[in-house]
Amino acid sequence: MAPNLRPPKGTDDILAPDSRVWRRVLRTWDDWSERFGYDLVMTPIFEATDLFERGVGESTEVVRKQMYTFTDRGERSITLRPENTASVVRAYLNAGIQGEWKGAYSGPQFRYERPQGGRRRQFWQVGVEHLGTDRPGADAEVIELGYRFLVDLGVEGVSVQLNSLGDPEDRTAYVAELRSWLEARAADLSPDARETLKVNPMRVLDSKADAELISEAPAPSERLGQGASAAFDEVRTRLDAVGVPYETTPRLVRGLDYYTRTAFEYVGTSLDTAQTALGGGGRYDGLADQIGGRSVPGVGLAMGIDRIILSLGETDAEVALDAFVVATAGRDIDAAGLVSRLRSAGVRVDSIDTSRSLKAQFKAADRSGAATTLVVGDEWDGGAVRAKRMADGNETDVRIEEIATWLRS
RNA sequence: GUGGCCGUAGCUCAGCUCGGUUAGAGCGCCUGGUUGUGAUCCAGGAGGUCGCGGGUUCGAAUCCCGUCGGUCACCCCA
C-alpha cells in the first residue's frame with residue numbers, strides 16, 4: 001500500500017458487483033426518460049465559472065464554497081459543473097432552438113464538500129429539462145417521470161414533497177416579509193441561521209436547528225399571486241389525475257436560486273443517513289434570462305444516483321453471464337471458437353485461461369455466477385459440447401450449432 | 001468549514017490499557033488429493049514497510065505530536 005492508489009477524497013471506484021446495480025439503474029433511467037419523450041443532451045463537464053455564478057446564484061452555498069474552480073492555461077476561470085441545469089439551458093440558447101424542447105442527461109457532478117453517507121465530491125446525477133413552456137402540465141410530467149423511475153427501481157417509501165415558491169414578484173414581497181419576521185426573532189435563531197439570514201432569508205427555512213421556530217414562519221405558498229396560485233393548483237390536479245401521490249410541504253425551499261413557482265423533492269424511507277433527498281427540481285422561468293440569453297421558461301429535475309443506489313441496498317447484483325466455457329487439454333482453440341460463436345449469437349459468455357486445470361476453470365465458472373458451464377472436450381470432435389447446469393449439477397450433450405438456442409430455453 | 005469515533009494480511013477483526021524473541025485468527029486466494037468437473041471435505045502454500053512522517057526509548061503495532069484517509073453528525077444538498 002506504499003504508493004497512493006486510493007481515489008481522491010470523496011470519490012469512488014465502482015467495480016462489480018456494485019457496478020451491476022449501476023448498470024441497471026442507468027438503463028432504467030434511459031428507458032423511462034425515453035418513454036417520456038426526452039432526447040439525450042450532453043454538455044461539457046466543465047464550464048466557464050461565471051455560468052454557474054449567474055445561473056445557480058451568488059448567494060447559494062454551492063457557488064460560495066462548493067465549486068471546483070481553477071484557471072486553465074489560457075487564463076480562463078473554469079469550474080467543474082456542480083449541477084447540470086445551467087449548462088443545459090446554455091446549450092439550448094446557444095443552439096438557437098425555438099420553442100419547446102425536452103432533454104435528458106446523465107453524468108458526474110462535482111461539489112467540494114466534506115464527504116458523508118450519500119454525499120460525495122464527485123457524484124452522479126440524471127435529470128431532465130423541459131424548456132420553452134410554462135404550462136403546469138410540463139411540471140406535472142417532470143414530477144411523474146421521477147416518481148415512475150424511483151418506483152420502478154424498487155426504492156422503498158418514495159414520496160413527493162411539493163411546494164410553490166411563487167413568481168418573482170410574489171417572492172420579492174415574501175422574502176421581505178420573511179426577513180423582517182426572522183429579524184424580529186433573531187435572538188432565538190441559531191448562529192448559523194443568523195448568518196444565513198443576511199445572505200438569503202429563504203434558506204433559513206431549511207435550518208434543522210430552528211425547525212420549531214420556522215414552523216411558525218410565513219410560508220411562500222401562503223403568499224402566491226394569482227398566476228402562481230392557479231398554476232400550483234393545476235399541477236396538483238394533474239398529479240392526482242395520473243396517480244402520483246404527493247404531500248404539500250409549505251416550507252420546502254431549494255438550495256439553488258433559480259427556482260420559481262413549482263419546487264419539489266423526492267424522499268425515500270430506506271436511506272438511514274442524514275441525507276434523505278433522492279432528487280428534486282422545479283420551475284426556473286428566470287434562469288435563461290439570468291445567464292444572458294432570452295427569456296425562456298423551463299422546468300426540470302435532478303436525481304442523485306449514488307443516493308438512490310444506497311437506498312436500494314446491495315440486494316440485486318444480477319449475474320452478467322449466461323454461460324462459462326471451460327476446456328480440456330489441447331482444446332484451447334476450439335474453446336475460443338465456441339466463445340466467439342456464442343458472443344456473435346448474442347450470448348453473454350466468458351472463460352479464463354483454458355490451459356489451466358479443469359478444476360480451476362470450474363471454480364472460475366462457479367464464481368462467475370453463470371447458470372451453465374460448457375465443457376469443450378472429446379465431444380467436440382463429434383460436433384457437441386457437454387453442458388452442465390451449475391445449480392443442480394445435471395449434464396447433457398448439446399450440438400454445437402444448437403447451443404445458443406438451448407441456452408435461452 | 002465545525003465536532004465525535006476509527007486506520008493491523010484481499011475482507012472482517014484480535015493484539016495496543018501494563019512498550020520486549022520470527023505480528024495472529026476466521027473467511028478469501030493459489031496448488032495438490034481427482035492427468036474431464038465447481039459450490040463440500042482433507043493436506044500444503046502465498047500474502048502484512050501494523051495509513052504516512054517525526055518524537056520518546058536500549059527497544060514502538062503498542063506511548064506522544066503532526067499529517068493523510070475513512071466514518072458519523074452539523075452546515076448544506078442530489
Side-chain angles (χ1 to χ4, degrees), chain A residues 1-12 15 56 60-66 82-85 107-127 146 150 190-193 195-196 199-200 203-210 252-256 264-268 271-281 301-311 324 326-331 352 354 356-370 372-380 385-395:
Chain A
M1 224 186 277
N4 178 23
L5 300 177
R6 281 179 298 212
K9 189 181 178 85
T11 66
D12 303 286
L15 318 190
V56 177
T60 62
E61 202 76 6
V62 169
V63 169
R64 286 169 62 220
K65 9 193 269 207
Q66 301 180 344
E83 59 97 55
N84 221 337
T85 300
Q109 316 291 335
F110 308 84
R111 294 205 304 226
Y112 190 91
E113 299 180 274
R114 210 54 179 261
Q116 203 178 319
R119 201 179 65 184
R120 319 260 69 200
R121 287 184 173 180
Q122 175 174 332
F123 58 102
W124 198 280
Q125 282 190 338
V126 300
L150 291 174
S190 64
D192 280 335
E195 283 306 303
T196 308
V199 197
N200 189 338
R203 287 211 342 268
V204 176
L205 296 183
D206 260 342
S207 172
K208 288 180 192 173
D210 304 285
L252 171 73
V253 293
R254 315 236 51 235
L256 312 181
F264 58 91
E265 262 179 28
Y266 301 92
V267 299
L271 209 55
D272 58 352
T273 65
Q275 277 67 236
T276 54
L278 299 174
L301 75 80
M303 314 282 290
I305 296 303
D306 307 71
R307 279 186 194 177
I308 288 168
I309 285 172
L310 258 186
S311 78
F324 201 91
V326 303
T328 60
R331 298 285 177 181
I352 59 164
T354 49
R356 291 188 63 189
S357 72
L358 211 52
K359 178 173 178 157
Q361 294 186 61
F362 260 96
K363 213 163 192 184
D366 188 42
R367 272 195 300 258
S368 78
T372 306
T373 298
L374 301 171
V375 186
V376 177
D378 294 338
E379 304 86 348
W380 184 267
V385 294
R386 178 70 51 86
K388 176 166 181 172
R389 228 178 272 283
M390 297 303 271
D392 55 19
N394 284 347
E395 298 189 12

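Chain identifiers are assigned alphabetically (A, B, ...) following the order of the sequence lines, protein sequences preceding nucleic acid strands; residue numbering begins at 1 within each chain. The figures that follow rest on heavy atoms only: side chains count, while hydrogens, waters and symmetry mates do not.
- No hydrogens or angles were tested; on distance alone, a donor-acceptor pair under 3.5 Å links the side chain of Glu395(A) to the base of U37(B).
- Side-chain N/O atoms of Glu83(A) and Gln109(A) include no donor and acceptor closer than 3.5 Å.
- In this structure, Arg111(A) reaches the bases: a heavy-atom distance under 4.0 Å links it to at least one base atom across the strands shown.
- Across every strand in view, G66(B) sits in a pair with C52(B) that passes the Watson-Crick or G-U test at under 3.5 angstrom.
- Base pairing of U22(B): no nucleotide in any strand meets the Watson-Crick or G-U wobble criterion (both distances under 3.5 Å).
- A close approach under 4.0 Å does occur between a side-chain nitrogen or oxygen of Arg367(A) and OP1 or OP2 of C29(B).
- Taking the ring centroids of Tyr112(A) and Phe110(A), they lie at or beyond the 6.0 Å cut-off.
- Here Glu379(A) lies in heavy-atom contact (under 4.0 Å) with a base.
- Contact annotation: Ser357(A) side-chain N/O to U37(B) OP1/OP2 distance is not under 4.0 Å.
- Computed from coordinates, the Asn200(A) CG to C77(B) P distance equals 9 Å when rounded to whole Å.
- Distance CD (Gln125(A)) to P (A78(B)): 7 Å, rounded to an integer number of Å.
- Side-chain N/O atoms of Arg114(A) include none lying less than 4.0 angstrom from OP1 or OP2 on U71(B).
- Within 4.0 Å (heavy atoms only), Asp306(A) reaches no atom of the nucleic acid at all.
- Across all strands, Gly330(A) comes closer than 4.0 Å to no nucleic acid atom at all (heavy-atom distances).
- For C76(B), neither phosphate oxygen OP1 nor OP2 lies less than 4.0 angstrom from any side-chain nitrogen or oxygen of Arg121(A).
- As judged by a 4.0 angstrom heavy-atom cut-off over every strand, Lys359(A) is placed among the base-contacting residues.
- Nucleotide U17(B) is matched to nothing when pairs are restricted to Watson-Crick or G-U wobble geometry with both distances under 3.5 angstrom.
- OP1 and OP2 of G38(B) both lie 4.0 Å or more from every side-chain N or O belonging to Gln361(A).
- OP1 or OP2 of U31(B) has at least one side-chain nitrogen or oxygen of Arg356(A) nearer than 4.0 Å.
- In this model, no side-chain donor or acceptor of Lys388(A) finds a partner on the base of G36(B) within 3.5 Å.
- Within 3.5 Å, no donor on the side chain of Arg203(A) pairs with an acceptor on the base of C77(B), nor the reverse.
- At the heavy-atom level, Thr196(A) lies under 4.0 Å from the strands shown only through sugar-phosphate atoms.
- Exactly one of Lys388(A), Arg389(A), Glu395(A) qualifies for a side chain to side chain contact (heavy atoms under 4.5 Å, CB included) with Asp392(A). That residue is Arg389(A).
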